[in-house]
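A, B, ... follow the sequence lines: proteins, then strands. Residue 1 opens every chain. Every heavy atom of this structure was used, including side-chain atoms; hydrogens, water molecules and symmetry mates were not.
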Amino acid sequence: MNFPSLKSLQDVNIEQFQHDLISWYQEEKRDLPWRKDQDPYKVWVSEIMLQQTRVDTVIPYFNNFVDKFPTIEALADAEEEAVLKAWEGLGYYSRVRNLQTAVREVKDQYGGKVPDTKEEISSLKGVGPYTSGAILSIAYGVPEPAVDGNVMRVISRILSIWEDIAKASSRKIFEEAVRQLISKEDPSSFNQALMELGALICTPTSPSCLLCPVRDHCHAFHEGVQQELPVKTKKKNMRHVHLGAAVIATDEGDVLIQKRPESGLLANLWEFPNVELSGAGNPKMELELFFRKEYGLDVELQAESIAKIQHVFSHLTWDIDVYYGKIKKSPVTKEKSQWVKKGEVEHFAFSVSHQKIWQRAQEEAKS
DNA sequence: AAAGCGGGGGC
DNA sequence: GCCCCAGCTTT
């Protein structure tokens with residue numbers, strides 16, 4: 001394959017670059033919980049959590065997760081409900097469902113040992129090009145690239161690469177660059193150093209070039225174009241969905257919840273009954289009709305909504321009108337729905353938007 | 001190649 | 001408000 005944009009590699013003193021980068025990393029690296037050992041399982045968990053998620057967000061989740069599921073075996077044998085609960089609020093929930101699927105595969109097919117070849121590890125559910133390289137280099141010391149958003153940003157500046165990093169095909173260019181730059185003696189520190197540099201120094205906006213340990217190797221800095229790199233085209237507009245949701249409670253202190261479908265958005269998480277509003281009629285009427293048809297319940301909701309909640313996803317926005325209603329307890333006909341005690345709601349995994357709904361409803365119940 | 005998939009923080 | 005974040009899977 002031909003990489004015309006990598007001619008700048010010839011200008012880089014690779015040995016010196018490795019030394020400057022790794023020395024800085026050894027001196028400045030943050031004390032993070034997944035850096036306490038090289039247990040492949042814990043490296044794996046951390047890398048999945050860190051996908052599209054900041055370090056500060058991940059730290060408490062990681063500590064709780066490895067406390068509850070300390071080994072491959074423990075996670076493989078856990079209930080999915082418990083695993084989702086441990087992931088609650090972290091987002092991209094398919095990550096953890098794929099992780100459990102993959103861990104069970106490791107237990108059954110690899111004797112409980114995380115495989116150490118690119119082919120085997122890449123075949124595991126949820127392990128893509130980045131994660132396989134990260135686990136191989138960090139846990140096993142294999143000199144494989146681990147190219148994430150940080151690395152593309154850093155390398156695009158160092159080598160002055162103007163490819164659009166939003167394109168899937170661009171990743172291979174950066175992998176090839178890293179393959180030539182990576183330290184064979186310490187690929188773990190090298191890969192983590194690139195990401196640490198991207199997080200601490202070579203940031204998306206206003207990079208701290210004057211503090212950069214590899215400034216002397218950086219083409220973008222010498223040309224004064226570090227602010228213009230990387231090139232990244234932007235995404236499309238997002239969709240709005242208008243929902244009506246209701247918290248239905250009995251005098252005995254039960255509330256109605258339901259489980260979302262096993263695929264798609266927020267798969268297998270719990271939520272309060274809700275329906276997409278058509279705009280024909282008012283939300284209260286549409287919701288009451290929905291309860292009659294889907295649950296076989298005659299609900300009289302409060303006339304006014306108790307909250308309007310907007311929740312922004314990466315690809316769509318929910319505008320939720322929240323209602324509250326009291327009802328006599330009676331059997332429900334809808335599948336995957338059930339009455340639960342108010343005090344037990346917290347044992348189920350909800351998306352953040354429905355956690356907000358529950359919080360608001362409890363305030364309403366008190367008043 | 002493009003779309004679907006969460007949630008939070010920085011500016 | 002927009003952009004980004006230690007990306008992967010499905011279509």
Identify whether [X] and [Y] are in the same connected component of the hydrophobic contact network (ILVMFWY, side-chain heavy atoms under 4.5 Å).
{"X": "A:V55", "Y": "A:I201", "result": "no"}
{"X": "A:V83", "Y": "A:M49", "result": "yes"}
{"X": "A:L265", "Y": "A:L243", "result": "yes"}

Set of side chain to side chain donor-acceptor pair (under 3.5 Å) partners for A:W270, sequence neighbours left out: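 A:W270 satisfies side chain to side chain donor-acceptor pair (under 3.5 Å) with A:E81 once adjacent residues are dropped.
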Could you tell me how far apart [X] ([atom1]) and [N] ([atom2]) are, to the nearest whole angstrom?
{"X": "A:F350", "N": "B:dG7", "atom1": "CZ", "atom2": "P", "value": "13 Å"}
{"X": "A:R239", "N": "B:dG6", "atom1": "CZ", "atom2": "P", "value": "13 Å"}
{"X": "A:Q310", "N": "B:dG6", "atom1": "CD", "atom2": "P", "value": "18 Å"}
{"X": "A:K356", "N": "B:dG6", "atom1": "NZ", "atom2": "P", "value": "15 Å"}
{"X": "A:M238", "N": "B:dG4", "atom1": "CE", "atom2": "C1'", "value": "14 Å"}
{"X": "A:H311", "N": "B:dC5", "atom1": "NE2", "atom2": "C1'", "value": "12 Å"}
{"X": "A:N98", "N": "B:dG6", "atom1": "CG", "atom2": "C1'", "value": "15 Å"}
{"X": "A:K172", "N": "B:dA1", "atom1": "NZ", "atom2": "P", "value": "11 Å"}

P spacing across the pair B:dC11 / C:dA6, given as an integer number of angstrom: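 It comes out at 14 Å once rounded to the nearest Å.
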Nearest-Å distance once atom C1' is located in both B:dG6 and C:dC4: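 Here B:dG6 and C:dC4 have their C1' atoms 14 Å from each other.
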For [X], answer base if it contacts any base atom (sugar-phosphate contacts may also be present), sugar-phosphate if it contacts only those atoms, and nothing otherwise; contact means non-hydrogen atoms under 4.0 Å.
{"X": "A:S94", "answer": "nothing"}
{"X": "A:G198", "answer": "nothing"}
{"X": "A:S169", "answer": "sugar-phosphate"}
{"X": "A:R260", "answer": "nothing"}
{"X": "A:T131", "answer": "sugar-phosphate"}
{"X": "A:S351", "answer": "sugar-phosphate"}
{"X": "A:K167", "answer": "nothing"}
{"X": "A:I48", "answer": "nothing"}
{"X": "A:V55", "answer": "base"}
{"X": "A:W318", "answer": "nothing"}
{"X": "A:Y130", "answer": "base"}

Between [X] and [Y], do the side chains contain an N or O donor and an N or O acceptor separated by less than 3.5 Å?
{"X": "A:S305", "Y": "A:R360", "value": "no"}
{"X": "A:Q192", "Y": "A:S189", "value": "no"}
{"X": "A:D20", "Y": "A:Q16", "value": "yes"}
{"X": "A:E47", "Y": "A:Q51", "value": "no"}

Base paired to C:dG7 (Watson-Crick or G-U; both N/O distances under 3.5 angstrom):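 Its partner is B:dC5 (Watson-Crick or G-U wobble, both distances under 3.5 Å).
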First and last nucleotide of DNA chain C, 5' to 3', lying under 4.0 Å from heavy atoms of chain A: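 Taking any atom under 4.0 Å from a heavy atom of chain A, the span is C:dC3 to C:dT10.
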Base B:dG6 to side chain A:T53, donor-acceptor N/O within 3.5 Å cut-off: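 Per atom types, the contact qualifies.
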Reference residue A:W34; test ring pair (Phe, Tyr, Trp, His ring centres under 6.0 Å); the match among A:F65, A:Y41, A:W44, A:F62: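 So the option named by the test is A:F62.
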Any A:H315 side-chain nitrogen or oxygen under 4.0 Å from OP1 or OP2 of B:dA3: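 For A:H315, the contact criterion (side-chain N or O under 4.0 Å from OP1 or OP2 of B:dA3) is not met.
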